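All heavy atoms count here, side chains included; hydrogens, waters and symmetry mates do not. Predicted model, so just to flag it, every value in this text is computed and none were measured.
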Amino acid sequence: MITLRQLEFALAIAKYKHFKRAAEECNISQSALSLGIAELEKQLDTQIFERNNKQVLITPIGEEILERAKRIFSEVNDLITKAQLHQTPLVYPMTIGIIPTIAPFLLPKVLPKLREDYPNVQLSIVEEQTERLIEKVRHGMIDTAIIALPYPTDGLLTFEFWQEDFLAIFAKQNAENQPKTMDANTLINSNLMLLGEGHCMTDHALSVCHLDTNRIKNSFSNASLTTLIQMALSGMGTTLIPEMAVTQIKQQNPDVATIPLSEPGPHRKLAFITRLNYARVDDVNLLGNVFAKGLSQHSL
């Protein structure tokens, strides 16, 4: 009989295209994972993967089987959480996805408040880019995610809980000759450095500032936001940071200056997303309220 564990193995292999990495994620030995897949293929009387010493490929019928496996996992997760509705709010474990441009600045502000209000809360945090987080929410791989809007979220529930602006960041000595607000031309002339394509913060910045990608094609970087901040503080130009990051950055770097953008805000909104049929939607909404309170306390 096919088991959920076997389907978990198959989905992990499909994710990594690598048996060893899949085994590590499933916390089993590679040989046990291989045996589980062999048994699954025997039960189905079909081959899901083509594998040799160099690569793992998914067969056409394997693609269909894996898509159905994702739906099964989503339904099972919702079944389990439905059975937990009678419990106290935020007691049952939850996995939250957060985009990297939010997590390091948001969590220090909101987790103390969350722990104070709900001491038994059990959270697991996953950091991914927005597109990947939405995929994980849709397929039941995580319970909810925090993303920045605007972003397409068709077929998902959205709970907005915060809004904020972007600011340009400079070393203090380099900020003295800058205007009081930054428009698109000033940003470009200040050697603007942005995260690479695929980061929603970059997409939002381009939209907010009406930046022409042809004019700033050399501005994109594969570095992290933390690295771009350090480059700006070393006098190599400027980058944009979210408003919630200002206090933390100034505490760590006293010689930093921030300049607001000319474009009116809010420049982005933060929201929790989850599935339409997610059983613990009230807990997601509750998290949004607690996070909003935590952020408000730090903005006073």
Return yes if some donor-acceptor pair links the side-chain N/O of R280 with the main-chain N/O of Y92 below 3.5 Å, else return no.
yes
Under the side-chain contact (heavy atoms from CB on, under 4.5 Å) test, residues paired with P260 that sit two or more places apart:
T181
Y118: side-chain hydrogen bond (donor to acceptor under 3.5 Å, both in side chains) partners, not counting sequence neighbours:
none
pair L261-L187: side-chain heavy atoms closer than 4.5 Å:
yes
In short, P104 meets Q248 closest at the heavy-atom pair O-OE1, 3.3 Å
So which atom in R275 and which in I142 form the shortest heavy-atom distance, rounded to 0.1 Å?
NH1-O, 3.1 Å
Can you list everything that forms a side-chain contact (heavy atoms from CB on, under 4.5 Å) with L57? Sequence neighbours excluded, please.
E50, Q55
Main chain of E131, side chain of Q129: is a donor-acceptor contact present, judged purely on distance under 3.5 Å?
no
Using the rule given for side-chain contact (heavy atoms from CB on, under 4.5 Å), can you reason through L167 versus L240, listing the C-alpha separation, both sets of side-chain angles and the distance that settles it, and then say yes or no?
CA-CA 5 Å; L167 299 97; L240 299 180; over 6 Å; no
For T186, check side-chain hydrogen bond (donor to acceptor under 3.5 Å, both in side chains) against everything at least two apart and list the hits.
D183
Between I13 and V56, is the side-chain contact (heavy atoms from CB on, under 4.5 Å) condition met? List the steps.
CA-CA 8 Å; I13 295 170; V56 176; 3.9 Å; yes
Measure across A12 and C26 and return the closest heavy-atom pair with its distance rounded to 0.1 Å.
CB-SG, 3.7 Å
Between E127 and I98, is there a donor-acceptor pair closer than 3.5 Å when you use the side chain of the first and the backbone of the second?
no
Taking L7 as the starting point, is it possible to reach I61 by hopping between hydrophobic residues whose side chains are less than 4.5 Å apart?
yes
Does the side chain of Y151 reach to within under 4.5 Å of the side chain of I134, using non-hydrogen atoms?
yes
Could you check whether any side-chain heavy atom of W162 comes within less than 4.5 Å of a side-chain heavy atom of P266, counting everything from C-beta outward?
no
Could you list the residues that satisfy salt bridge (Lys or Arg N to Asp or Glu O under 4.0 Å) with E41, not counting sequence neighbours?
R51
Passing option when L133 is tested against I96, T144, I99 for side chain to side chain contact (heavy atoms under 4.5 Å, CB included):
I99
Given 3.5 Å as the limit, does a donor-acceptor pair link the side chain of H139 with the main chain of M141, or not?
no
Sidechain-backbone polar pair: R268 side chain, P150 backbone, donor-acceptor under 3.5 Å
no
Is there a donor-acceptor pair under 3.5 Å between the side chain of T130 and the backbone N or O of I147?
no
Does the side-chain contact (heavy atoms from CB on, under 4.5 Å) test come out yes or no for L4 and V76, once each step is laid out?
CA-CA 9 Å; L4 286 173; V76 169; 3.8 Å; yes
Under the side-chain hydrogen bond (donor to acceptor under 3.5 Å, both in side chains) rule, what pairs show up with a residue in residues 95-109, not counting sequence neighbours?
none
Distance in Å, D165 CG paired with I241 CD1, rounded so as to fall on 0.5 Å steps
11.5 Å
Check this for me: does any side-chain nitrogen of one of E8 and R5 sit under 4.0 Å from a carboxylate oxygen of the other?
yes
Check: T274 side chain, D143 main-chain N or O, donor-acceptor pair, under 3.5 Å
yes
Starting at CG of N289, measure out to NZ of K113 and round the result to the nearest 0.5 Å.
11.5 Å
As an exercise, state the distance from CD1 of I72 to CG of L79, rounded to the nearest 0.5 Å.
13.0 Å
Calculate, to the nearest 0.5 Å, the distance between atoms CD1 and CG belonging to I273 and L156 respectively.
5.0 Å
Check: G237 main-chain N/O paired with S190 side-chain donor or acceptor under 3.5 Å
no
Taking the side chain as every heavy atom from C-beta outward, state whether L157 and F159 have any pair of such atoms under 4.5 Å apart.
yes
Quick one: do the T227 and S224 side chains pair a donor with an acceptor below 3.5 Å?
yes
Could you list the donor-acceptor pairs under 3.5 angstrom formed between side-chain atoms of residues 228-235 and any protein atom two or more places apart in sequence or on another chain?
from, atom 1, to, atom 2, distance (Å)
S234, OG, Q230, O, 2.9

Name all residues meeting the side-chain contact (heavy atoms from CB on, under 4.5 Å) criterion together with A271; count only those two or more places apart in sequence or in a different chain, and write none if there are none.
L149, T158, E160
Would you say H18's side chain and A14's backbone share a donor-acceptor pair under 3.5 angstrom?
no
CD1 of I2 to CD of Q43: how many Å apart, nearest 0.5 Å?
6.0 Å
For R68, what residues pass the salt bridge (Lys or Arg N to Asp or Glu O under 4.0 Å) criterion, not counting sequence neighbours?
none
side-chain contact (heavy atoms from CB on, under 4.5 Å) between L106 and L295, worked out:
CA-CA 8 Å; L106 172 69; L295 287 168; 3.8 Å; yes
Taking 4.0 angstrom as the limit, do K269 and E164 come out as a salt bridge?
no
Across all chains, not counting sequence neighbours, the side-chain hydrogen bond (donor to acceptor under 3.5 Å, both in side chains) partners of R132 are E135
Verify the neighbour count for atom NZ of K17: are there more than 12 heavy atoms of other residues, nucleotides or ligands below 6.0 Å?
yes
Parallel, tilted or perpendicular for F161 and F291, by the 30°/60° rule?
perpendicular
Minimum heavy-atom separation for I37 to F9, with atom names?
CD1-CB, 3.8 Å
Set of side-chain contact (heavy atoms from CB on, under 4.5 Å) partners for T247, sequence neighbours left out
Q251
Which heavy atom of L40 sits nearest to which heavy atom of Q6, and what is that distance?
CD2-O, 3.9 Å
Find out whether S124 and M94 are in side-chain contact, i.e. whether some heavy atom of one side chain is under 4.5 Å from a heavy atom of the other.
no
Would a 4.5 Å heavy-atom cut-off, applied to side chains only, mark E25 and K15 as touching?
yes
Counting C-beta onward and ignoring hydrogens, is there a side-chain heavy-atom pair between N77 and Y278 closer than 4.5 Å?
no
The side-chain hydrogen bond (donor to acceptor under 3.5 Å, both in side chains) partners of T3 (sequence neighbours excluded) come to none
Determine whether a donor-acceptor pair (N or O, by modelled atom type, separation under 3.5 Å) exists between the side chain of T238 and the backbone of I169.
yes
For a 4.5 angstrom cut-off between non-hydrogen side-chain atoms, does E128 reach K136?
yes
L44, L35: one ILVMFWY side-chain cluster at the under-4.5 Å cut-off?
no
CZ-CG distance between F272 and L286, expressed to the nearest 0.5 angstrom:
9.5 Å
Shared hydrophobic cluster for I48 and Y16 (ILVMFWY, side-chain gaps under 4.5 Å)
no
